[in-house]
Amino acid sequence: MKRRIGILTSGGDCPGLNATIRGAAKACYQLFGTDDVEIIGINDGYSGLINNECKEMKPSDFSGILTRGGTIFGTKRTPYKKMLVIEEDNVDKVKAMKDTYKKQKLDCLLTLGGNGTHKTANLLSQEGLNVIGLPKTIDNDIYGTSVTFGFHTAVDIATDVIDRLHSTADSHDRIMVVEIMGNKAGLLTLYSGIAGGADMIVLPEIPFDIDKLAEACEKRAKNGKAFSILAVAEGAFDTEEAKLKKKERARLRAERGETTASNRIAKEIQAKTGMETRVCVPGHMLRGGSPSAYDRVLATKFGVRAAQLIKEEKFGYTVAMVKENVTENKLIDIAGKPKLVPDDHQLILTARDMGISFGD
Ligand code: F6P
């Protein structure tokens, strides 16, 4: 029997997607025999599955992509909450995805993505498709796995940014606010903040008090350090905003003409301390380029585990790292449960014990 395996990448891209695709594809050819497996690349995530944009791949398509950033299949955000909604185009998206799966005679679908991708993967699995997820995101916020591919590369890039900001902050006696991606989860900011030696770390999980941040800058200045580096997660909010519902918070931000808190933090610290401040936003640079050695190894291990799961006919799962072992979790158990940074996370305690301020 010739197996047909569909692969798609959905949501925001990150380094390591191609390395994972390569790991899964090469292991499929190895485990089933090149003549007994057909890999179907699906364009632009679930959008390609809805619109039947698929292509039969050759083994050579998976060569030379280990180090390549982005995704050879392209990706798109197709929000989960819209999957069950019929919009103006009148397309029943879930039915369309099931139709493509049937038309393409797929035996299984690999979905590489983050939280939204996993929710739709679970939905398709509940609808009877053979789905296997692979956890991707620079945010590392997927429940049930200690790590996702893309995370450590982004940590390396963000750390390099913070390293470089140190010398210029020092030369000018400035406060540098560096905004790091992560809307709901602050793990990327926490890791890179620690790795880059940030003096203050501001996370979405710990609402900040601007006075506390300003005091921390002043305290450093009094102790002879006329510059400070603040690593601020893009989703950070203050203690007043924390009292509001998400929608009210967004409305308030829109009224103030801001999206993230970084510029306000910089402005208010300057006003309160008299110290000059600057903001640096590396943004999508954190998602670009070649995966780190760590992520190449992780992606390869995850991809190969996905191929093994196909062989074991173990569907409705997503690959995960638990206690340093590659394993899998049921999609239904993890979908829709983001992994946030708990107050007692070891790195939070480590940071507090060395005097890093979280602005709380
Ligand atoms: O989920 C990954 C992520 O990089 C978040 O950290 C960030 O908020 C978001 O994607 C940005 O996505 P977009 O590609 O839509 O700008």
Side-chain angles (χ1 to χ4, degrees), residues 8-18 20 43-47 69-71 73-82 111-121 133-145 147-162 177-193 195-196 201-206 231-237 241 246 249-250 253-254 258-263 279-292 295 298-299 318 334-341:
L8 64 80
T9 55
S10 178
D13 72 342
C14 78
L17 280 166
N18 287 326
T20 307
N43 279 349
D44 294 339
Y46 292 118
S47 160
T71 157
F73 298 136
T75 186
K76 207 170 184 174
R77 292 193 187 276
T78 315
Y80 169 75
K81 59 177 182 231
K82 294 217 171 137
T111 59
L112 284 66
N115 276 314
T117 305
H118 277 77
K119 283 195 254 178
T120 300
L134 283 141
K136 158 246 72 160
T137 159
I138 64 163
D139 297 354
N140 194 10
D141 61 348
I142 297 182
Y143 189 81
T145 182
V147 69
T148 56
F149 57 88
F151 173 66
H152 278 289
T153 306
V155 169
D156 291 348
I157 301 169
T159 301
D160 185 46
V161 170
I162 299 173
V177 175
V178 53
E179 179 181 301
I180 295 167
M181 275 191 171
N183 224 334
K184 293 191 190 121
L187 215 52
L188 176 57
T189 306
L190 181 59
Y191 265 72
S192 50
I201 297 178
V202 186
L203 307 179
E205 291 89 342
I206 307 178
V232 177
E234 92 184 296
F237 48 84
E241 291 175 295
K246 208 175 146 194
R249 211 156 56 215
R253 290 263 173 113
E258 58 183 35
T259 46
T260 65
S262 308
N263 283 305
V279 177
C280 167
V281 185
H284 292 81
M285 271 189 272
L286 302 174
R287 295 219 314 244
S290 190
S292 63
D295 268 332
L298 180 70
T318 189
I334 64 100
K337 289 189 204 168
K339 179 180 77 184
L340 303 179
V341 182

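Counting begins at 1 with the first residue of the sequence. All values derive from a computational prediction rather than experimental measurement. In each ligand, atom 1 is the first atom listed, and ligand 1 is the first ligand listed.
By the ring-ring contact (aromatic ring centres under 6.0 Å, His included) test, Phe151 pairs with Tyr191, sequence neighbours left out.
Remark: the backbone N or O of Cys14 is not paired with any side-chain donor or acceptor of Arg287 at under 3.5 angstrom. Distance alone, capped at 3.5 Å, places no donor-acceptor pair between the Glu234 side chain and the Ile180 backbone. Asp141 contributes no side-chain N or O that, together with a main-chain N or O of Asn115, makes up a donor-acceptor pair within less than 3.5 Å. Between the Ser10 side chain and the Thr117 main chain, no donor and acceptor come within less than 3.5 Å of each other.
Around ligand 1 you find Arg77, Ile138, Asp139, Met181, Gly182, Asn183, Glu234, His284, Arg287, each with a heavy-atom distance below 4.0 Å.
The two residues Thr153 and Ser290 make their nearest non-hydrogen contact at CG2-O, 3.5 Å.
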